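Everything below concerns the one structure shown next.
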Amino acid sequence: MSLRVIFLGPPGAGKGTQAEELAREWGVPHVATGDMLREAARRRTPLGLEAKRFMDTGVLVPDEVVIGLVGERLAEPDASRGAVLDGFPRTVAQAEALDRLLRERGTALDRVVFFDVSRGELLRRLTGRRVCRGCGATYHVVSAPPRVAGVCDRCQGALEQRVDDGEAAVATRLDVYATQTTPLLDYYRTRSVLSEIRGEGTVEDVAAAIRSAVGHGVAS
Ligand code: AP5
Ligand code: MG
Ligand code: ZN
């Protein structure tokens, strides 16, 4: 059994929150380009430092950089049975590159899940998000607070705001999403792999909607 799924949606839609849980449930890796790029920046690799200049202001990292990164990641043994892709692809060029990559390996996408969330809720989620400096765990000051304010439940690390969750970068990210990523909805709709789910409601409500869109992970 294998499962290749894309979680598509605007900044703050809940892609990472859902992907972390569901990838574990389905036994495939959670491949999040944003997390991979932030980790590279934290380790101060040349790629990470270059990417950080784009990420901090909210614009996209160049296609060839992320396409290379995802190509390498999907070639690792744990991705042989699939992956949950979170935050990739987000341009038509990236979607075409992914199609080529999967075709070369004789595989294909099972489903693209689009998270539909209103702008007001996105802003509420982004401004209240806190992430752990140590392990990267994600919280929300209102809807998913840690047991002790400012401290990670898992590793006791300090919680901080993402640099790109500031007002100016959020505005840029929403614009970039609207112009560069929304064309993917038609791209996948015409290929009959798109499922649109309601991304509002509790984390468990949203997970249930995704499971039913993906067929509980019991795909090909
Ligand atoms: P990336 O890290 O992918 O950011 P994003 O797409 O903007 O999405 P977010 O991570 O902000 O949101 P999310 O949907 O994961 O929401 P989350 O689960 O955290 O990318 C960052 C940057 O990296 C980009 O701007 C770009 O520069 C670069 N990059 C990455 N990929 C790239 C690519 N392919 N090409 C080019 N550049 C790329 O949830 C948000 C908050 O809401 C949390 O606080 C959470 O607790 C809360 N929450 C979640 N679900 C619920 C719920 N159901 N109810 C209430 N609160 C909820
Ligand atoms: Mg995320
Ligand atoms: Zn932590």
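Computed from a predicted model, the values in this text were never measured in an experiment. Indexing begins at 1, ligand by ligand and atom by atom, following the structure's order.
A salt bridge links E20 to R154: one of the charged nitrogens lies within less than 4.0 Å of a carboxylate oxygen. The pair E21-R211 fails the salt-bridge criterion, with no side-chain N (NZ, NE, NH1 or NH2) lying under 4.0 Å from an Asp/Glu carboxylate O. Checked for salt-bridge contact, R129 and D165 meet the test: a charged N lies under 4.0 Å from a carboxylate O.
Which of R173, H140, R90 comes nearest to atom 6 (O) of ligand 1 through a heavy atom is settled by distance: it is R90. Of the candidates P62, G201, G87, G14, the one placing a heavy atom closest to atom 53 (N) of ligand 1 is G201.
Among all non-hydrogen protein atoms, the one lying nearest atom 9 (P) of ligand 1 is R129 NH1, 3.4 Å. What sits closest to atom 8 (O) of ligand 1 on the protein, heavy atoms only, is K15 NZ, 3.1 Å. Closest to atom 18 (O) of ligand 1 among all protein heavy atoms lies T17 OG1, 2.6 Å. Nearest protein neighbour of atom 43 (C) of ligand 1, counting heavy atoms only, is T138 CG2, 3.6 Å. In terms of protein heavy-atom proximity, atom 55 (C) of ligand 1 is closest to S143 OG, 3.4 Å. With hydrogens left out, the protein atom closest to atom 57 (C) of ligand 1 is R125 NE, 3.7 Å, a heavy atom. For atom 12 (O) of ligand 1, the closest non-hydrogen atom of the protein is G12 N, 2.9 Å. Summary of contacts: the protein heavy atom closest to atom 23 (O) of ligand 1 is M55 CE, 3.2 Å.
The contact set between ligand 1 and R124, taken as ligand atoms under 4.0 Å from a residue heavy atom, comprises 55 (C), 56 (N). Contact atoms of ligand 1 toward R162: 1 (P), 2 (O), 4 (O), 9 (P), 10 (O), 11 (O), 21 (C) (distance under 4.0 Å to a heavy atom of the residue). The contact set between ligand 1 and Q94, taken as ligand atoms under 4.0 Å from a residue heavy atom, comprises 33 (C), 34 (N), 35 (N), 36 (C). Of all the atoms in ligand 1, the ones that sit under 4.0 Å from a non-hydrogen atom of L37 are 28 (C), 29 (N), 30 (C). Close approach of ligand 1 to Y139 is summarised as follows: ligand atoms under 4.0 Å from at least one heavy atom of the residue are 43 (C), 44 (O), 46 (O).
More than 12 non-hydrogen atoms from other residues, nucleotides or ligands lie less than 6.0 angstrom from CZ of R124.
Between D86 and ligand 1, no pair of N/O atoms sits closer than 3.5 Å. The shortest N/O to N/O separation between G16 and ligand 1 falls below 3.5 Å. Taking only nitrogen or oxygen atoms, main chain and side chain alike, V59 reaches within less than 3.5 Å of ligand 1. Geometrically, ligand 1 and A13 share a nitrogen or oxygen pair separated by less than 3.5 Å. Of the polar atoms of D165, none of the N or O atoms is found under 3.5 Å from an N or O of ligand 1, judged by distance alone. Between R38 and ligand 1, a contact under 3.5 Å exists for at least one N or O pair. By the 3.5 Å distance cut-off applied to N or O atoms, V61 is counted among the residues near ligand 1.
Taking the centre and axis of the six-membered ring of F88, the NZ or CZ atom of R90 falls outside the cone set by 45° and 6.0 Å.
With a 4.0 Å heavy-atom cut-off, ligand 1 is reached by no atom of R53. Proximity of T202 to ligand 1, defined as any heavy-atom pair under 4.0 Å, is confined to the backbone N, CA, C and O atoms.
How far OG1 of T17 is from CZ of R125: 8.0 Å, rounded to the nearest 0.5 Å.
Expressed to the nearest 10°, the angle at the Zn ion (ligand 3) joining SG in C135 with SG in C152 is 110°. Between the SG atom of C155 and the SG atom of C132, the angle centred on the Zn ion (ligand 3) amounts to 90° when rounded to 10°.
Under a 4.0 angstrom heavy-atom cut-off, Q18 registers as lying outside contact with ligand 1.
Side-chain contact of T202 with D205: a donor-acceptor pair under 3.5 Å is present, judged by distance alone.
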